[in-house]
K.L.:
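Once you've had a glance at the structure underneath, I'll fire off some questions.
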Protein chains: 2
Amino acid sequence: MAPPSKVRPRTRIQREKQDVILNAALDVFSLHGFRGATIDQIAEAAGMSKPNLLYYFSSKEEIHRRLLEDMLDLWLDPLREFDAAGDPVSELRSYIRRKLEMARDFPRESRLFANEMLQGAPHAIDVLAGELKALVDDKAGVIESWMREGKITRTDPYHLIFSIWATTQHYADFDVQVRAVLGPARGGEGRFEDAARYLENLFMHGLVPKG
Amino acid sequence: MAPPSKVRPRTRIQREKQDVILNAALDVFSLHGFRGATIDQIAEAAGMSKPNLLYYFSSKEEIHRRLLEDMLDLWLDPLREFDAAGDPVSELRSYIRRKLEMARDFPRESRLFANEMLQGAPHAIDVLAGELKALVDDKAGVIESWMREGKITRTDPYHLIFSIWATTQHYADFDVQVRAVLGPARGGEGRFEDAARYLENLFMHGLVPKG
DNA sequence: TAACACTTTTTCCAACTGGTCAAAAATTCC
DNA sequence: GGAATTTTTGACCAGTTGGAAAAAGTGTTA
């Protein structure tokens, strides 16, 4: 009789339905943002009635919060793996590759995050200024030490990280534009490999010919 | 007695109030997206009642359409100026600089556009696949000819343009994140000049030391 | 099979949504 | 100044929104 309401599922059905709901909600939130999304839309996408959905999550906010938490965790993984002990150039190269793979494999999560940023991060500002900043500070330190050792060009490590985020997430967040501009011939599945090749070259060597 | 309803303002008051409304609407739409924005919010931000606002624009869609048109025009300006006859490296450099200035000076327009992209460009897809694609095709051709002449490194011109868009617009669209990560010390006004310096270096030379 | 917890549906609600309309108020123009 | 026009307001409407309540159904297990 009493709704579960708590975050932890207790039965098999609760676990399954919560997953279905979260998946549907990710579709809707990533497309319309928090305010633009409605519980009805999510419920329909999840194949259940609105009151039924509200039996598993007590509010729209709760679903969104949960989605954002899960996403942030996934999102920061590649940066966490960034290894100070590795070879600088190949570490950066594989970080870029992993971020691009995330944009390809989790475009909805990327858009959910982008929506949150566009709205001024009302639900995530604490994570940004706390956990994320700490993590970036740490990795920026690593990058700076590589620069001091002459392993990579001396430049701003923070903006370097920003530019990796921007260029990779662009392929998820601005997917429509990318497809429209590339056209049917080049906008198919191959676009991510073209992007990977291009970005590797950009970050490694830039545009001015050497020598 | 009859509302103007048409796009062209006939009196001084109509011109002024339409501007006030468009400005307020830009605030609201860029923050919440089309679906998430309400006429009431816009009216309040514009300092007038909802029916009064609807006297100047016949619907929410009309305001949004108008905003998007004006923005796309402004947005494509830097790319139009891209000059085939100029020096390749300095043309690219100044394009990057101009795009970054737009992100700094028109962040709301950038976010309006980003919102539209995240939602799959329902109102702009025609422009993307038409006017924009044609323009990019043209400029990509210019870039390609520069590459053939050996003036810049051989790479994918389309993805080059994407990466310029992505890196510059990032400072408008993800402003909250940038500020949060940089912290109070480096997240102030100077961040755009730091970004300009960094991006110039990235696009020109990349990260691998030369020689 | 009967008591039990778990799940789903039906009904409902108050607040909000985009938008209309007629009348009142302000402005402009002669 | 007064008529004509433009602008503003207040009341209103039908549809949607997030969510509550309670009853009805569905297992599960002693």
Side-chain angles (χ1 to χ4, degrees), chain A residues 1-22 24-29 31-68 115 119 122-123, chain B residues 1-29 31-68 119 122-123:
Chain A
M1 203 146 227
S5 201
K6 300 290 152 240
V7 184
R8 290 286 155 256
R10 311 221 162 275
T11 74
R12 171 187 54 90
I13 292 184
Q14 283 176 29
R15 223 176 304 119
E16 290 172 1
K17 297 268 166 133
Q18 284 195 4
D19 282 351
V20 170
I21 292 168
L22 287 172
L26 183 53
D27 275 340
V28 179
F29 279 130
L31 205 57
H32 298 294
F34 182 76
R35 286 226 47 199
T38 72
I39 299 186
D40 280 297
Q41 283 175 355
I42 300 171
E44 196 193 332
M48 65 181 73
S49 68
K50 178 171 61 172
N52 195 189
L53 181 150
L54 285 167
Y55 170 72
Y56 293 102
F57 290 92
S58 59
S59 72
K60 188 179 165 183
E61 264 95 344
E62 192 190 328
I63 305 177
H64 188 259
R65 192 183 329 126
R66 176 68 179 281
L67 235 32
L68 213 58
N115 262 306
Q119 285 159 34
H123 309 97
Chain B
M1 205 151 225
S5 200
K6 301 288 152 240
V7 183
R8 291 284 155 257
R10 313 221 160 276
T11 75
R12 171 187 56 88
I13 291 185
Q14 283 175 28
R15 223 175 305 120
E16 290 173 1
K17 297 268 166 135
Q18 285 195 5
D19 282 352
V20 171
I21 291 169
L22 288 172
N23 186 57
L26 184 53
D27 274 341
V28 179
F29 279 130
L31 206 58
H32 298 294
F34 181 76
R35 287 225 46 200
T38 72
I39 299 187
D40 280 296
Q41 283 175 352
I42 299 171
E44 196 194 330
M48 65 181 72
S49 66
K50 178 170 59 171
N52 196 190
L53 181 150
L54 285 167
Y55 169 74
Y56 293 103
F57 290 92
S58 58
S59 72
K60 187 179 165 184
E61 265 95 346
E62 192 189 328
I63 305 176
H64 189 259
R65 191 182 330 127
R66 176 66 180 280
L67 235 32
L68 213 57
Q119 284 161 35
H123 309 97

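First the proteins, then the strands, lettered A, B, ... as listed; each starts at 1. Every heavy atom of this structure was used, including side-chain atoms; hydrogens, water molecules and symmetry mates were not. Everything numeric in this text was worked out from a predicted model, so none of it was measured.
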K.L.:
Examine D/dT7: is either OP1 or OP2 under 4.0 Å from a nitrogen or oxygen in the side chain of B/Y55? Give yes or no.
P.N.:
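So the side-chain polar atoms of B/Y55 do come within 4.0 Å of the phosphate oxygens OP1 or OP2 of D/dT7, strictly under.
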
K.L.:
Under 4.0 Å: is that the gap between some side-chain N or O of A/N52 and OP1 or OP2 of C/dT9?
P.N.:
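Answer is yes, contact under 4.0 Å.
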
K.L.:
Applying salt bridge (charged side-chain N to carboxylate O under 4.0 Å, His left out), which residue pairs with at least one partner in residues 51-61 of chain A are found, sequence neighbours left out?
P.N.:
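Found none.
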
K.L.:
Could you list the residues that satisfy side chain to side chain contact (heavy atoms under 4.5 Å, CB included) with A/L31, not counting sequence neighbours?
P.N.:
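Here no residue qualifies.
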
K.L.:
So do A/F57 and A/R66 actually touch side chain to side chain, heavy atoms under 4.5 Å?
P.N.:
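In contact.
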
K.L.:
Could you state the CG-C1' distance from B/L53 to C/dT17, rounded to the nearest angstrom?
P.N.:
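Going from B/L53 (CG) to C/dT17 (C1'), I get 14 Å.
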
K.L.:
Side-chain N or O of B/Q14 versus OP1/OP2 of D/dT7: is the shortest distance under 4.0 Å?
P.N.:
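Answer yes for this pair, as a side-chain N or O of B/Q14 is under 4.0 Å from OP1 or OP2.
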
K.L.:
Please list, chain by chain and in numerical order, all residues satisfying side chain to side chain donor-acceptor pair (under 3.5 Å) with B/D19, sequence neighbours excluded.
P.N.:
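Partners of B/D19 under the side chain to side chain donor-acceptor pair (under 3.5 Å) test: none.
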
K.L.:
B/E16 has an atom CD; how far is it from atom P of D/dT8, in whole Å?
P.N.:
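Taking CD of B/E16 and P of D/dT8, I get 10 Å after rounding.
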
K.L.:
Between A/E62 and A/S58 (side chain of the first, backbone of the second, donor and acceptor by atom type, cut-off under 3.5 Å), is there such a pair?
P.N.:
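Confirmed, A/E62 side chain pairs with A/S58 backbone.
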
K.L.:
Below 3.5 Å between N/O atoms, which protein atoms pair up with nucleotides 16-21 of chain D? Just atom names and distances, please.
P.N.:
from   : atom 1 : to    : atom 2 : distance (Å)
D/dG18 : OP1    : A/A37 : O      : 3.3
D/dG18 : OP1    : A/I39 : N      : 3.3
D/dG18 : OP1    : A/K60 : NZ     : 3.2
D/dG18 : OP2    : A/I39 : N      : 2.9
D/dG18 : N7     : A/K50 : NZ     : 2.8
D/dG19 : OP2    : A/K60 : N      : 2.9

K.L.:
Distances under 3.5 Å between protein N/O atoms and the N/O atoms of nucleotides 27-30 of chain C, please, pair by pair.
P.N.:
from   : atom 1 : to    : atom 2 : distance (Å)
C/dT28 : OP1    : B/R12 : NH2    : 2.9

K.L.:
Under 4.5 Å between any side-chain heavy atoms of B/I63 and B/Y56, yes or no?
P.N.:
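Of all side-chain heavy-atom pairs linking B/Y56 with B/I63, none is under 4.5 Å.
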
K.L.:
So, using salt bridge (charged side-chain N to carboxylate O under 4.0 Å, His left out) as the criterion, who are the partners of A/K50 when residues are at least two apart?
P.N.:
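Testing A/K50 for salt bridge (charged side-chain N to carboxylate O under 4.0 Å, His left out), a comparison that skips the adjacent residues, returns A/D40.
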
